[in-house]
Every structure is written in C-alpha cells, then in structure tokens.
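Below: one structure, written as structure tokens.
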There are 2 protein chains.
Amino acid sequence: MHALADESRRTVLNALAEGPASAGELAALLPIARPGVSRHLRVLREAGLVEVRQQAQRRVYSLRPEPLAEVDEWLGRYRALWEQRLDALHTEVARGKRERRSSR
Amino acid sequence: MHALADESRRTVLNALAEGPASAGELAALLPIARPGVSRHLRVLREAGLVEVRQQAQRRVYSLRPEPLAEVDEWLGRYRALWEQRLDALHTEVARGKRERRSSR
DNA sequence: ACGTTATGTACCTTGACGGGTACGTAACGG
DNA sequence: CCGTTACGTACCCGTCAAGGTACATAACGT
C-alpha cells in the first residue's frame with residue numbers, strides 16, 4: 001500500500017492501465033524530471049505492481065494488477081460496512097424528513 | 001487516500017471496523033503514545049473517515065466508511081484488468097505445462 | 001470547590017521520501 | 001568504433017509528517 005501513497009505513482013499506474021508504455025513516455029506525463037520517474041518505477045517494480053521487458057534500448061513497463069487485489073481485499077472488510085451504512089443513511093434521511101415536518 | 005498512508009491509521013480503522021471505541025482504547029492498541037493517536041484521529045476526522053460523539057469525558061470514535069467507497073471506485077478501474085489478467089494467467093499456466101512437456 | 005480521568009494541542013526533533021543534477025551504461029545506427 | 005538514444009543510479013537537499021514531551025482543558029465523582 002505504501003507504493004500507492006504518492007501522487008506520481010498513481011499517475012503512472014493510471015497511465016499503465018491504458019496499456020504498456022516506456023519509461024520515457026511515462027516521464028512525459030509527469031511534471032517531474034525523468035530520473036524521478038525511473039525511481040518511481042523502481043519502487044513500483046519492487047512492489048510487484050509493474051513489470052518490465054527490454055525492447056531494444058527502450059524499457060517497456062506494463063501493469064501487474066494482481067497485487068491491487070490485496071488492497072481490494074482489504075477494502076472488502078469495509079465494503080459490507082459502508083453499504084449497510086449507506087442504507088441506514090437512506091432510511092435516516094426519510095425519518096429526518098418526517099421529524100422536520102412535525103417538530104423543529 | 002493520503003489519510004490511509006500511515007500504518008497506525010489503518011490499525012485504527014481496522015479496530016473501528018469491529019465497532020466504536022474511545023480514543024484511549026484505540027491508543028492502547030498502538031505502540032505509540034496517546035497524543036500521537038489523538039493526532040491520527042484528528043486527521044481521520046478531517047478526512048471524514050471517522051466521527052466522534054462525546055460520552056461523559058470519553059470521546060467515542062466510530063467509522064464513517066462512506067469515503068472508502070471512493071478508494072473502492074478508484075480500484076474499480078483496475079478490477080476488470082486484474083481479473084482478465086488472472087484469467088490470462090490461468091490459461092498461460094496450462095499452455096506452459098504443454099510446452100514444457102514437448103520442448104525445454 | 002478539588003482532585004481525577006480522558007482527551008486534545010503546542011512545540012520541537014528526527015527520519016523518510018520526493019525531487020533535481022550529474023554521471024554511468026547498455027543497445028542501437030552509421 | 002563512435003555518437004546517439006533511452007535508461008538507470010549516486011549524491012545531495014528541502015520538506016513534511018510522525019512521534020515524544022509538556023501543558024491546557026473539559027467532564028465527572030466526592
């Protein structure tokens with residue numbers, strides 16, 4: 001999850017979600033200098049979120065979305081909770097309307 | 001998403017997923033000192049992830065899971081991707097077995 | 001009113017991390 | 001070979017946020 005903390009990282013991931021891209025192409029999307037992007041890519045690579053294949057001089061990165069399934073799983077613990085919460089909110093809103101009509 | 005970056009924050013959220021708890025109770029779960037927890041709770045509160053109600057001297061925190069739905073939505077972009085990827089992996093594994101039998 | 005309990009806040013220190021610059025290094029094209 | 005392209009890495013610096021300590025504050029119980 002740590003690897004997802006940075007804004008630039010997520011931008012890279014968003015881009016890679018569209019399809020594979022070289023390091024240079026990814027760097028062009030970010031406001032930071034190219035070496036910075038290389039570092040981000042390293043982190044993402046070590047986190048197992050992306051993978052590289054060499055293609056001539058270019059290094060083409062692509063998404064390895066499996067690890068995000070872990071985050072998804074973590075969120076799963078809350079999903080039921082917020083769904084029931086949202087349901088509760090709906091009925092609460094209805095109740096609130098009735099009460100506001102009588103008292104207040 | 002920033003509010004989820006810290007390990008302690010997630011621990012607090014995990015605890016609150018079990019049910020409401022006071023600041024002190026939450027602090028007991030963390031390796032850090034109590035004031036630190038108070039600060040974390042403030043961040044979570046300002047991020048809208050938790051809410052407080054005063055109960056005597058105690059301040060009881062509870063989860064407001066709605067905002068996590070946003071993260072869930074963000075992940076949604078990848079969910080389809082990794083599911084198709086995992087499917088591809090399965091067929092790849094099958095194909096790999098066949099190839100390993102013949103060549104290699 | 002006074003001590004106690006439960007909690008937040010102010011202030012400071014330190015460590016981690018993002019970013020830039022300069023440099024090293026493979027893979028090509030001639 | 002030699003220049004160029006496309007990267008990565010080493011080193012340095014500034015910022016920022018987490019954590020600790022000390023202090024302020026509010027709600028009880030007596």
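Keep in mind the model is a prediction, meaning the values are calculated, not measured.
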Give every pair of a protein N or O atom and an N or O atom of nucleotides 24-30 of chain D that lie under 3.5 Å apart, one pair per line with the distance.
none

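- Val52(A) and Val37(A) fall within the same hydrophobic cluster, defined by Ile, Leu, Val, Met, Phe, Trp and Tyr side-chain heavy atoms under 4.5 Å apart, directly or through other members.
- When the nucleotides dG18(C), dC7(D), dG8(C) are ranked by their closest atom to the side chain of Arg45(B), dG8(C) comes out on top.
- Taking Gln57(A) as the reference, nothing meets the side-chain hydrogen bond (donor to acceptor under 3.5 Å, both in side chains) condition, with sequence neighbours excluded.
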Donor-acceptor contacts, no H, no angles, side chain residues 28-36 of chain B, under 3.5 Å, sequence neighbours left out:
none

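- Residues from residues 22-31 of chain A that place a heavy atom under 4.0 Å from any atom of DNA chain C: there are none.
- We find that CG of Leu41(B) is positioned 16 Å from P of dA6(C), with the value rounded to whole Å.
- Contact check, His40(B) against dG19(D): a side-chain N or O comes under 4.0 Å of OP1 or OP2.
- With dG19(C), dG8(D), dA18(D) as the choices, the nucleotide that has an atom nearest any side-chain atom of Arg9(B) turns out to be dA18(D).
- Checking each of Val12(B), Leu49(B), Leu41(B) against Tyr61(B) for a side chain to side chain contact (heavy atoms under 4.5 Å, CB included) leaves exactly one that passes, namely Leu41(B).
- Phosphate contact (OP1/OP2 of dG8(C), side-chain N/O of Tyr61(B), threshold under 4.0 Å): present.
- Within the structure, a side-chain polar atom (N or O) of Ser8(B) is placed less than 4.0 Å from OP1 or OP2 of dG19(D).
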Listing time: all N or O pairs from protein to nucleotides 10-14 of chain D that are below 3.5 Å?
from    : atom 1 : to       : atom 2 : distance (Å)
dA10(D) : N6     : Arg39(A) : NH1    : 3.2

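- Atom CG in Leu44(B) sits roughly 13 Å away from atom C1' in dA18(D) (whole-Å rounding).
- Neither OP1 nor OP2 of dT7(C) sits under 4.0 Å from any side-chain N or O of Arg58(B).
- Residues passing the side-chain hydrogen bond (donor to acceptor under 3.5 Å, both in side chains) test with Arg39(B): none are found, sequence neighbours excluded.
- Atom CG of Leu44(A) and atom CZ of Arg10(A) lie 11.5 Å apart (nearest 0.5 Å).
- The distance between atom CD of Glu7(B) and atom C1' of dA16(C), rounded to the nearest whole Å, is 16 Å.
- Of the candidate nucleotides dA18(D), dG18(C), dT9(D), dA18(D) has the atom nearest to the side chain of Asp6(B).
- Residue Leu16(B) holds its CG atom at 10.0 Å from CD of Glu25(B), rounded to the nearest 0.5 Å.
- Scanning for side-chain hydrogen bond (donor to acceptor under 3.5 Å, both in side chains) contacts around Glu46(A) gives an empty result, with sequence neighbours left out.
- Partners of Ser38(B) under the side-chain hydrogen bond (donor to acceptor under 3.5 Å, both in side chains) rule, at least two apart in sequence or in another chain, do not exist in this structure.
- Taking atom CD1 on Ile32(B) and atom P on dT14(C), their separation rounds to 19 Å, with Å as the unit.
- The shortest distance between side-chain heavy atoms of Thr11(A) and Leu26(A) does not fall below 4.5 Å.
- The side-chain contact (heavy atoms from CB on, under 4.5 Å) search around Val60(B) returns Pro20(B), Arg53(B), Gln55(B), Arg58(B), not counting sequence neighbours.
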